[in-house]
**Student:** 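Take a look at this one; I'll ask things after.
Only this structure's heavy atoms are used, side chains among them; waters, hydrogens and symmetry mates stay out. Throughout, protein chains are lettered first and strands after them, A, B, ... in sequence-line order, and every chain is numbered starting at 1.
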Amino acid sequence: MSDEPLLRVRGLEKRFGELRALDGFDLDVAEGRLTALIGPNGAGKTTAFACIAGAQRPSAGSVRFKGREVAGLPYHRIARLGVARTYQVVQTFDAMSVVEAVTVGALLRRPKLSEARAWADEILGFVGLHAKRTMLGRSLTIADKKRLELARALSTEPRLILLDEVMAGLTPTECADAVKLLRSILARGVTILMVEHVMEVLMPLADRVVVLAAGKPIFAGSPQAAAADPLVIEAYLGRP
Amino acid sequence: MDVGPLPQLIVSGILTGLLFALISVGLTLIFGVMDVVNFAHGEFLMLAMYATFGLGLIGLNPILALPVVVVAMFVLGALVYRFFVKRLLAGPPEAVVFGTFGLLVFLQGAAQFFFTSDYRSVLNPPFSGTLHLGGIAIGEAQLAAGLGALVLIAAIFGFVEYTEPGRALRALSEDRVAAQLMGIDVQRMNAFAFGLGIACTGAAGALLMLTYQAYPRIGTEFALTAFVVVALGGFGSVHGVLLGALLVGLVEVLGGYYIAPALKMLPVYALYLAVVFLRPQGLLGRR
Amino acid sequence: MTVQRHVAVMACVLAATALFTAFCHDQFLLSLAFTGLIFAVLGQSWNWISGYAGQVSFGHALFFGTGAYASALFATHHGSPWLALACGAAVAVVLALLVGFPCFALRGHYFSIATIAVAAIAEIVVVNTDALGKANGFELPILPPGLASLQFAGKAPYVLVALVLFAAAQIATVALEHSRTGYYLRAIRANQEAAASVGVDARAVKVTAFAGAAAFAALAGSLYAQQTLFVDAESTLGLSVSIAIALVGVVGGIGTVWGPPLGAFVYTFLARYVAALYGGHGRGFDLLLYGALILAIVSVQPEGIAGIARRFRART
Amino acid sequence: MTNSTPLIAVRDLEVDYAGVRAVQGLSLYASRGEIVALVGANGAGKSTLLRAISGIVRAASGAIAFEGENIASFEPHTIVRRGISHVPEGRRVFATATVRDNLLLGAYVMRDRAERERRLAAALATFPRLQERLDQRASTLSGGEQQMLAIARGTMSAPKLLMLDEPSLGIAPLVIPAIYAGIREIARSGTTVLLVEQNVREALAIADRGYVLQTGRVVAEGTGADLAGDPLVQKAFLGL
């Protein structure tokens with residue numbers, strides 16, 4: 001029991017009609033670490049996230065979080081157990097102000113509004129969005145919307161946070177800021193599982209990468225080893 | 001074996017269902033092509049009924065008035081799209097719901113104001129007799145309305161299935177982006193589809209005047225039935241509409257006879273709720 | 001708006017209405033004020049679910065009618081109209097839970113049409129039930145006037161009672177805006193999927209708000225029944241009532257504290273003005289005007305009159 | 001027009017997609033009769049570029065010159081009429097329509113009936129497997145056949161420029177050669193092809209020239225053969 005990782009996925013399958021988006025997906029995520037999920041387009045990374053977080057119901061397989069089976073539980077129940085996420089295409093509450101949007105997340109563990117607002121402010125300070133707390137979600141830049149999503153996810157005090165392409169579309173400076181932020185999230189004791197395609201970012205950051213191709217894991221190990229693995233290169237570039 | 005009134009009721013249910021189908025096919029067409037639930041759909045039906053009544057005053061019976069009404073409603077529909085619905089589609093998601101809802105209130109108010117709440121029926125009905133076919137008695141007017149609806153539904157199906165604009169409509173309702181990549185002008189086709197949908201309703205309005213009376217709130221009654229029909233068949237499914245309409249027609253007529261006339265709509269609404277709770281995509285709809 | 005601002009506006013509205021009631025002796029104006037307040041409460045309760053949570057209902061008369069019928073029945077058979085108010089609200093809450101649970105699995109137009117269907121079923125059932133007076137409705141017993149019997153000689157006391165209910169609805173709405181449920185409702189409207197990702201059980205939250213809204217609508221229905229001493233299906237459960245309630249909300253502005261009262265004021269004012277101009281023929285012209293108003297508002301300012309006011313404030 | 005003016009030239013294009021600036025100051029061109037491959041990792045902006053050219057997504061700034069005319073602000077249906085056809089990612093055939101109807105929809109902008117029939121015959125000659133499936137619904141086709149249908153549909157409007165987005169994605173490996181043979185044949189008949197591919201080696205093998213894209217910019221260009229041996233390509237793909 002004690003040696004089971006924080007998240008353990010076994011034989012996960014997700015079918016959409018004929019298409020098998022996930023086809024026997026296995027994954028272990030160790031507590032307190034940053035694990036990265038990479039793979040070519042259409043490999044099933046976002047579907048894997050959706051199935052782990054509960055946004056979609058897996059067709060088969062097991063997802064154990066903190067030693068407990070969570071596959072097929074409703075989305076909000078899994079969030080309450082301590083899994084938070086961001087989206088590949090940002091999903092902010094556009095009509096709410098920044099602090100209100102984060103308060104929605106903060107209310108999960110702090111039902112009293114005043115406490116939730118205070119906590120939201122603290123998290124906004126942590127992600128560097130405090131100065132924009134009264135702006136509407138829809139008027140933020142892309143980088144700030146991503147920060148807002150991150151703040152909303154963190155405000156639920158998750159044990160595990162799933163980050164889907166948080167770096168996409170960011171300028172190099174914004175990327176560097178994001179890397180710093182990820183490190184400080186790890187320092188808070190939050191485990192990270194992230195989908196990312198900029199390997200450059202992952203190299204110094206990830207403890208372990210899992211490469212997904214056609215719905216199956218084809219490699220698990222250090223980022224350096226992944227970049228040199230012939231199977232991984234073939235998955236990306238096609239057969240030589 | 002005595003089968004009682006059942007055959008009579010079934011015929012009557014089918015004839016009623018065909019008219020429902022004609023009204024609903026317009027609703028589902030508009031929804032399929034542009035994702036708009038036209039809450040004012042019944043009010044266009046009401047307008048068409050008044051138009052038919054008006055044309056009756058200058059001597060055209062409903063059958064002769066039908067083509068005039070259809071063309072007028074098509075133009076009206078296309079204009080309403082061009083100058084109103086198009087703007088709503090660019091706004092927030094509730095805009096379309098509230099906009100067509102506002103249209104409902106506006107048109108109903110206008111009818112009450114200009115035509116009063118009186119019931120109007122055409123003064124020159126072309127059919128008045130009753131046919132007796134093997135023990136089944138059918139009003140000629142009801143039969144004519146049902147058969148007229150059948151012909152028009154067949155025409156619409158044929159149009160959607162076998163013509164170039166019909167193909168474009170189907171393409172748009174299936175995948176808007178892919179349709180654009182084929183070179184289909186979405187705004188033009190939307191206006192066309194809205195016009196066509198309203199024209200279908202217009203035709204139904206003309207046929208309804210063979211057996212019904214026009215009054216300002218008749219639209220809401222039929223629209224409610226049309227929503228049920230469309231939801232049963234699956235929103236956007238043209239073929240599903242025929243199935244849904246016949247089902248609703250039969251349920252309404254049989255329910256009215258075997259339960260109580262005043263309760264005839266009860267099983268229809270119950271059927272709607274049962275279907276949306278158990279099979280939200282409708283009987284033939286795709287998810 | 002801050003809470004202090006709400007309190008200030010509230011105080012002004014209450015004082016103005018109370019003064020008007022004290023000094024106005026025109027029974028017709030008073031009965032208009034009563035209607036306006038009832039519609040403000042109805043529009044506000046509709047706003048909870050259709051405005052804040054964005055689930056557009058066209059069947060809200062269900063709860064107005066439930067309150068009217070339940071309290072009328074209770075008052076007829078058991079006496080105290082005050083208990084009847086509570087009874088009407090309780091029945092409406094139970095009904096809201098029963099109806100809301102399956103209906104909130106539906107989204108968008110499927111939900112809207114389901115609300116119409118449920119209200120229509122209720123109307124058909126009432127119209128065909130002997131104990132409820134069928135289509136003719138039934139009259140409430142006339143009791144000696146007084147606060148205990150909730151029956152009064154003039155219209156003014158009714159307005160004051162409605163004013164109390166209105167104040168309660170407004171306070172409840174401000175409280176809702178500053179509560180966990182209020183935040184959750186707005187998050188659901190903004191993005192239900194993202195709300196679920198931070199632990200919001202959308203269906204439970206919506207059902208909760210629905211039950212609260214039903215209670216207020218039922219209280220409005222009970223007061224209405226006590227004032228007219230008569231209930232019938234069409235004027236309490238009919239689709240046209242549901243439409244009028246939504247109209248008040250849309251015209252005033254959804255998702256705001258002061259939108260529905262504003263919409264109710266415009267609604268009753270227009271009706272009165274039009275009736276005065278056109279006499280008995282006015283029926284229909286008011287709808288025409290509201291329809292035109294909605295069309296104009298939706299194409300120009302989808303946030304309703306309250307939205308226009310807010311925009312104006314933001315500019316100055 | 002002389003052969004020295006390219007058929008299409010994109011200059012300093014910036015495009016936002018799904019809230020991200022997916023194309024950031026991109027320039028490239030394609031001459032008549034060329035096959036030009038666009039390769040790069042997820043999120044490099046390839047699909048967004050195609051969407052901007054076909055008008056599905058509006059460019060934020062920059063120019064798209066097609067036969068010397070800037071089409072950057074044109075409506076999609078006008079762009080199709082100008083002679084650009086876009087076969088989108090994920091095939092997007094009209095599933096409930098028959099194969100024939102799908103093909104005829106491809107020729108929607110052609111008024112001449114006889115010409116339409118000629119195009120139909122040509123398309124069926126390129127992909128003979130569609131011939132026997134003409135009256136079947138597109139949904140009954142296999143993934144590979146659907147891809148053939150999508151490409152054939154794209155050629156029905158007799159385009160001068162055919163843009164293909166990931167034609168080998170999610171297709172059984174056995175079918176891919178038939179698809180590529182079809183693409184080669186279409187190019188031989190004089191149509192310029194812009195090919196976006198994940199399968200770099202395959203794409204560069206048939207391309208005259210290629211561009212390597214990374215985070216919305218061109219990082220390398222050259223002939224197909226040159227790029228195929230360039231270690232930069234592998235780096236770009238793995239996001240290094």
Side-chain angles (χ1 to χ4, degrees), chain B residues 25 28-29 31-35 81-82 86 89-90 156-193 230 233-243 281-287, chain D residues 17 47 50-51 53-58 74-98 100-113 116 135 137-139 146 149-159 162-165:
Chain B
V25 89
T28 211
L29 206 62
F31 178 83
V33 170
M34 65 202 91
D35 264 331
Y81 176 79
R82 175 66 189 72
K86 189 177 164 186
L89 286 173
I156 286 285
F157 278 17
F159 176 81
V160 168
E161 203 59 42
Y162 299 110
T163 69
E164 170 108 18
R167 262 201 299 273
L169 288 178
R170 272 189 289 145
L172 264 178
S173 63
E174 193 161 322
D175 185 332
R176 202 168 320 188
V177 171
Q180 277 179 288
L181 293 178
M182 302 298 107
I184 294 168
D185 182 345
V186 176
Q187 291 304 333
R188 242 180 91 176
M189 281 319 273
N190 277 359
F192 176 71
V230 168
F235 268 91
S237 159
V238 173
H239 294 89
V241 156
L242 191 57
L243 179 75
Q281 70 273 39
L283 296 172
L284 293 184
R286 51 194 142 81
R287 272 207 192 260
Chain D
Y17 187 71
S47 297
L50 297 198
R51 289 190 190 106
I53 295 175
S54 60
I56 295 296
V57 172
R58 197 51 62 86
F74 285 15
E75 295 280 325
H77 61 96
T78 320
I79 292 171
V80 177
R81 280 171 203 278
R82 286 287 193 287
I84 298 181
S85 181
H86 177 181
V87 179
E89 187 181 354
R91 313 186 277 273
R92 298 182 88 150
V93 295
F94 300 109
T96 62
T98 60
R100 186 195 305 275
D101 277 355
N102 267 279
L103 291 171
L104 289 176
L105 277 162
Y108 182 78
V109 296
M110 305 195 77
R111 290 290 132 219
D112 183 359
R113 227 195 160 88
R116 250 190 330 217
D135 294 310
R137 283 177 174 228
S139 57
Q146 287 190 13
L149 174 59
I151 297 173
R153 188 181 64 177
T155 64
M156 285 293 292
S157 57
L162 179 67
M163 305 193 291
L164 304 171
D165 197 348

**Student:** D:R91 versus chain B, heavy atoms under 4.5 Å apart: side chain, backbone, both or neither?
**Tutor:** neither
**Student:** Determine whether more than 12 heavy atoms belonging to other residues, nucleotides or ligands lie under 6.0 Å from atom CZ of D:R111.
**Tutor:** yes
**Student:** Decide yes or no for B:L181 and D:P88: does some side-chain heavy atom of the first lie under 4.5 Å from some side-chain heavy atom of the second?
**Tutor:** yes
**Student:** How many angstroms lie between atom CZ of B:R176 and atom CD1 of D:I56, to the nearest 0.5 angstrom?
**Tutor:** 11.5 Å
**Student:** To the nearest 0.5 Å, how far apart are CG in D:L104 and CE in B:M182?
**Tutor:** 12.0 Å
**Student:** I'd like to know whether B:R188 forms a salt bridge (charged side-chain N to carboxylate O under 4.0 Å, His left out) with D:E75, so could you lay out the CA-CA distance, the side-chain angles of the two residues, the decisive distance to 0.1 Å, and finally the verdict.
**Tutor:** CA-CA 12 Å; B:R188 242 180 91 176; D:E75 295 280 325; over 6 Å; no
**Student:** For residues D:R81 and B:G183, report the shortest heavy-atom separation together with the two atoms involved.
**Tutor:** NH2-O, 4.1 Å
**Student:** Report which part of D:V93 has an atom under 4.5 Å of a heavy atom belonging to chain B: side chain, backbone, both, or neither.
**Tutor:** backbone
**Student:** When only pairs under 4.5 Å are counted, which of D:R92, D:H77, D:R153, D:M156 shares the most heavy-atom pairs with chain B?
**Tutor:** D:H77
**Student:** Name the member of B:E161, B:R167, B:Q180 that forms the most heavy-atom pairs with chain D at distances under 4.5 Å.
**Tutor:** B:R167
**Student:** Please round to the nearest 0.5 Å and tell me the distance separating atom CG of D:D101 and atom CD of B:E164.
**Tutor:** 10.0 Å
**Student:** Heavy-atom distance under 4.5 Å to chain B: side chain of D:A150, backbone, both or neither?
**Tutor:** neither
**Student:** Taking all heavy atoms of D:Y108 and all of B:A168, pick out the closest pair and write down the distance.
**Tutor:** CE1-CB, 3.6 Å
**Student:** Please check if the side chain of B:E174 supplies one atom and the backbone of D:T96 the other of a donor-acceptor pair under 3.5 Å.
**Tutor:** yes
